[in-house]
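Keep in mind that what you see is a predicted model, and the values were worked out from it rather than measured.
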Amino acid sequence: MTELQEKIAELYQQGLTAKQVGEIVGKTERTICYHLQRLGITRSHKKIDDEIFVKLWNEGKTDEEIAKYFRIAVSTIKSYRTRGERAGKFNITRYFAQEEHKLSELQKQFIFGSLLGDMSIGMNKRSKNARISLIHCQKQKELFMKKVELLGEFMGNYKLYEGILDKRTEKRYPTFKGNSKAHEEFTKIYHLFYPDRKKIITQEILDKITHPIALAYWFMDDGNSDGTIATNGFTEQEVNLLVNWLKSFWKFDCSKQKQLNNFVIHIKSGSRKQFDKLIKPYMVKSMYYKLKYT
């Protein structure tokens, strides 16, 4: 028996799988199995408790996680769930929504701020979880891609669409569109912002927004170089909440202004330099034109 084979035999008898042994000694799983066969080493498979297997599977555990629990090879678990009387029953695609993923605090703050602006979250009848929708014109590609980057593993498919023909200009305006993957993390936020399927602003929501990145993404979506933030889609009561929040929490001097039948918010000149300084580190460069102080 060679020194390598001695090491393989020792590790395998400790309960490690052939794959795990291979990772330690720097050989492939196939090579490890070859040596074990040459050495005549076998290990009786630990019986898989079907009730426990079903419980772990329904919890969304992966083959790797279940194999680790039973201390057996991943290939054994795959065979167990796809053959015999279990064939087809567990041979399904595992969805992102079934897996345990958590938004970081910075991701939440970015999302909260964006929801004050153009971002939306929706649910359809076919999904029990919500997903985020992103839409930006081609000129705002950098902003769109930064949002994709911030969503990270939560982001789904996206692409540039040709755009519908505008009858007034007879031109098409390409648009970036994309959706996140559906996940319970977004469902929690959806119920916070859309309790009756319509976006609202409450003091509970505003109390959760504590990072400047939220202001930055709100302003990049709805802000203007003159210090105006478009809040036309909110009620007067909601705009009042936003003004009081900007004053009390962020210490900005601002006001509510009437615009046709709606209201907008204006950051007053005395606070504008402080406001721009706070949000600039979180803005994409193509949006710097909205700043007064750069």
Side-chain angles (χ1 to χ4, degrees), residues 103-122 130-164 166 169 171-183 185-186 189-190 192-194 199 201 205-206 208-234 242 246 250 252 254 264-267 272-294:
L103 289 167
S104 69
E105 186 56 33
L106 194 67
Q107 285 176 313
K108 289 180 182 178
Q109 292 293 311
F110 140 67
I111 292 170
F112 288 159
S114 296
L115 284 169
L116 295 181
D118 295 334
M119 182 183 281
S120 64
I121 293 184
R131 67 179 75 229
I132 283 175
S133 176
L134 299 180
I135 301 177
H136 282 284
C137 66
Q138 189 175 23
K139 290 182 179 179
Q140 295 179 343
K141 178 182 178 180
E142 186 183 15
L143 177 58
F144 180 88
M145 295 308 299
K146 187 62 180 179
K147 290 182 178 181
V148 169
E149 177 187 328
L150 285 168
L151 285 171
E153 63 181 353
F154 287 90
M155 188 60 198
N157 296 323
Y158 60 90
K159 69 176 184 178
L160 178 65
Y161 289 83
E162 185 179 351
I164 300 172
D166 189 321
T169 62
K171 293 182 179 179
R172 295 182 185 274
Y173 299 93
T175 303
F176 282 99
K177 294 182 181 181
N179 293 301
S180 72
K181 299 168 185 174
H183 200 275
E185 286 284 271
F186 299 133
I189 298 174
Y190 172 80
L192 186 64
F193 277 85
Y194 297 80
K199 186 191 288 188
I201 300 300
I205 290 172
L206 297 180
K208 293 180 183 296
I209 302 176
T210 59
H211 196 286
I213 194 172
L215 294 181
Y217 277 85
W218 181 27
F219 194 74
M220 284 191 288
D221 276 353
D222 288 341
N224 194 285
S225 59
D226 65 1
T228 299
I229 303 175
T231 50
N232 312 69
F234 299 134
L242 286 163
L246 287 168
W250 297 101
F252 295 131
C254 57
V264 297
I265 294 174
H266 180 70
I267 306 296
R272 187 61 198 278
K273 189 172 185 178
Q274 176 192 356
F275 180 82
D276 286 6
K277 182 179 179 180
L278 185 68
I279 67 173
K280 183 181 177 182
Y282 307 99
M283 294 179 65
V284 296
K285 290 184 178 180
S286 58
M287 288 288 150
Y288 281 0
Y289 74 90
K290 292 193 174 190
L291 298 173
K292 183 177 181 180
Y293 299 94
T294 57

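Formation of a donor-acceptor pair under 3.5 Å by the Asp276 side chain with backbone atoms of Leu291 is not found in this model. Here the side chain of Gln109 pairs no donor or acceptor atom with the backbone of Ser104 at under 3.5 angstrom. Side chain of Lys146 to main chain of Met283: no donor-acceptor pair is present (N/O by atom type, distance under 3.5 Å, no hydrogens or angles). Within the 3.5 Å criterion, the main-chain N or O of Leu115 finds a donor-acceptor partner in the side chain of Lys199. A distance-only check finds a donor-acceptor pair linking the side chain of Thr175 to the backbone of Tyr173 [under 3.5 Å]. Side-chain atoms of Lys290 come within 3.5 Å of backbone N or O of Met220 as a donor-acceptor pair.
Contact of the Gln107 side chain with the Phe154 side chain is registered, since non-hydrogen atoms from C-beta on lie closer than 4.5 Å. Looking at Leu215 and Ile209, their side chains never come closer than 4.5 Å, going by heavy atoms from C-beta outward. Between Met145 and Leu134 there is no side-chain heavy-atom pair separated by less than 4.5 Å.
When the shell of 6.0 Å around OH of Tyr194 is examined, it contains more than 12 heavy atoms from other residues, nucleotides or ligands. Atom CG of Asn157 sits in a sparse spot, with 12 or fewer heavy atoms from other residues, nucleotides or ligands closer than 6.0 Å.
Across all their heavy atoms, Trp250 and Gln274 have their closest contact at O-NE2, 3.9 Å. For Ala130 against Phe186, the heavy-atom pair with the smallest separation is O-CB, 3.5 Å.
Lys147 forms no cation-pi arrangement with Phe110, by the criterion of a distance under 6.0 Å to the ring centre and an angle within 45° of the ring axis.
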With side chain to side chain contact (heavy atoms under 4.5 Å, CB included) as the test, would you mind laying out the steps for Trp218 and Ile279 before giving the verdict? CA-CA 10 Å; Trp218 181 27; Ile279 67 173; over 6 Å; no
